[in-house]
Number of protein chains: 2
Amino acid sequence: MPDFNSIGGTVRARAANELRDRVLTGRLQPGTRLDLDEITREFGISRTPVREALLELSYEGLVTVTPRSGITVLGITPEDAVDNFAVLATLSGKAAEWAATRITKAELDQLHVTADAVATAEDVVAANWRFHRAVNLASGSRRLLIYLRQAVRAVPASYFELFPEQVRRSHADHATLLDAIDRGDATAARSLAESHVLDAGAALGDWLRLHKS
Amino acid sequence: MPDFNSIGGTVRARAANELRDRVLTGRLQPGTRLDLDEITREFGISRTPVREALLELSYEGLVTVTPRSGITVLGITPEDAVDNFAVLATLSGKAAEWAATRITKAELDQLHVTADAVATAEDVVAANWRFHRAVNLASGSRRLLIYLRQAVRAVPASYFELFPEQVRRSHADHATLLDAIDRGDATAARSLAESHVLDAGAALGDWLRLHKS
DNA sequence: ATGTAATATCTGATATGCCAGATTTCAACT
DNA sequence: AGTTGAAATCTGGCATATCAGATATTACAT
């Protein structure tokens, strides 16, 4: 159990992260009724931050908050997780499309550096992350970034444990995507990015099928 | 000013709607610092629901809440609005794609009825709304619906005042989209839905350019 | 004058108490 | 036994007070 009173950030944010993780990993099963006061006691904090954390999760579609009635875990089924990854793929495609036309010279140079770093990085997952983030940022769309962030948050954290394999396998994808952005080929960039992320989603699907008890 | 204590729904939800509308219509300009207590006084409610409403807006990217420092309006520029519509178009495309393959017989029948209703409806905007909503629901993706809802919320309400024109003009689009779904042609459905919504976004762009003083 | 550190202040974050709508219980009635 | 409705209860919503981090101010030293 995390210590909600000594780490940085707001208490609400930490409660939200912890609860989100529990839902995404299935430790909180769909249909479970949540007791606000119980969470309050467990976390050793007051009701307000817990309540606000759960409201945040409700905006993300992970729980339902029925006014003066109760809070229920909606959860995320394996199908939901795959669906969510498909949406993430779609959004990533749009980001790459825009990046191809809107990217600045400076951003492009930096993107090349970031891409090269993936190959030699200690932490491949983190490096891969930075590459995709750089592409997304290059889209220059504040709105798109909002939706991307939310879609990423709904990916079960445990998936990333097997991600290194996936990252290495998809190394060539990055090169072709970067090339498309270099050429300013928006259509190709979109299509490449979308199928690239979709592949990662398929890997998640395989993993979930293997792990369903 | 709305009466926050007599209408239905939670006080927080009404405060959020009012504040969101003010941001989207530009009555609250980007960069404006918000005073929690001032809003509290204006709305005649306490700080908790106002605070939670603003947190909600922060998740939508409309304001930034800096812990123990201040709340600032991020707002949505005309470019953001068009971008947002493009994202909405992308998501709608995905919804149509899935609908084409996943729709049930019953849903398909109902969709035809809903589509026909647009032509004869009193309130074309609402009827058009129901059609698109029906397509989105037919996608069968809970996750996608979450993102669609959020993208729709970021569309300036005032845009819908000129929407009847737009709806009538795009009537033929619905027919071809419905046909694609009938045939189970996912690729066509996606492409048609996306460009259809994109057209509406272009109309919004034109309108914004005309109205920028 | 300028940089710096102590302090006053400002602002949201959190804790707590009370309230009201929703739900359940249970008893009176048919 | 089935139905209805009133009361008890359960649950989150809202109000309010206090707290703590961030920021601005000011006084002091250089």
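So you know, we letter chains A, B, ... as the sequences are listed, proteins then strands, and number each from 1.
If you check every strand for non-hydrogen atoms under 4.0 Å, B:Arg47 touches a base.
OP1 or OP2 of D:dA15 lies within a sub-4.0 Å distance of a side-chain N or O belonging to B:Ser46. Phosphate contact (OP1/OP2 of D:dA15, side-chain N/O of B:Thr48, threshold under 4.0 Å): absent.
Heavy atoms only, all atoms of each residue included: A:Ala154 and B:Arg143 are closest at CB-NH2, 3.3 Å.
Distance, A:Arg12 CZ to D:dA20 P: 18 Å, rounded to whole Å. Between B:Leu55 atom CG and C:dT14 atom C1' there is a gap of 13 Å when expressed in whole angstrom units. Note: CG (A:Asp35) to P (D:dT11) measures 6 Å, nearest angstrom. The nearest whole Å value for the distance from the CD1 atom in B:Ile45 to the C1' atom in C:dC19 is 16 Å. One atom, CZ of B:Phe43, and another, P of D:dA15, lie 13 Å apart when rounded to the nearest Å. Summarising the geometry, the separation between CZ on A:Arg33 and P on C:dA22 is reported as 14 Å, rounded to the nearest angstrom. Rounding to whole angstrom units, CD of residue A:Glu52 and C1' of C:dA15 are separated by 12 Å. As a whole-Å value, the separation of A:Leu34 CG from D:dG12 P is 9 Å.
With 3.5 Å as the limit, one finds no donor-acceptor pair spanning the side chains of A:Asn136 and A:Ser139. Counted by atom type alone, B:Thr104 and B:Glu107 present one or more donor-acceptor pairs between their side chains at under 3.5 Å.
Along DNA chain D, the nucleotide nearest B:Pro49 and the nucleotide nearest A:Gly70 are compared for position; the residue whose nucleotide lies closer to the 5' end is A:Gly70. In terms of position on DNA chain C, the residue among B:Arg68 and A:Pro67 whose nearest nucleotide sits closer to the 5' end is B:Arg68.
Here the two rings, on A:Tyr59 and B:Tyr59, have centers that are under 6.0 Å apart.
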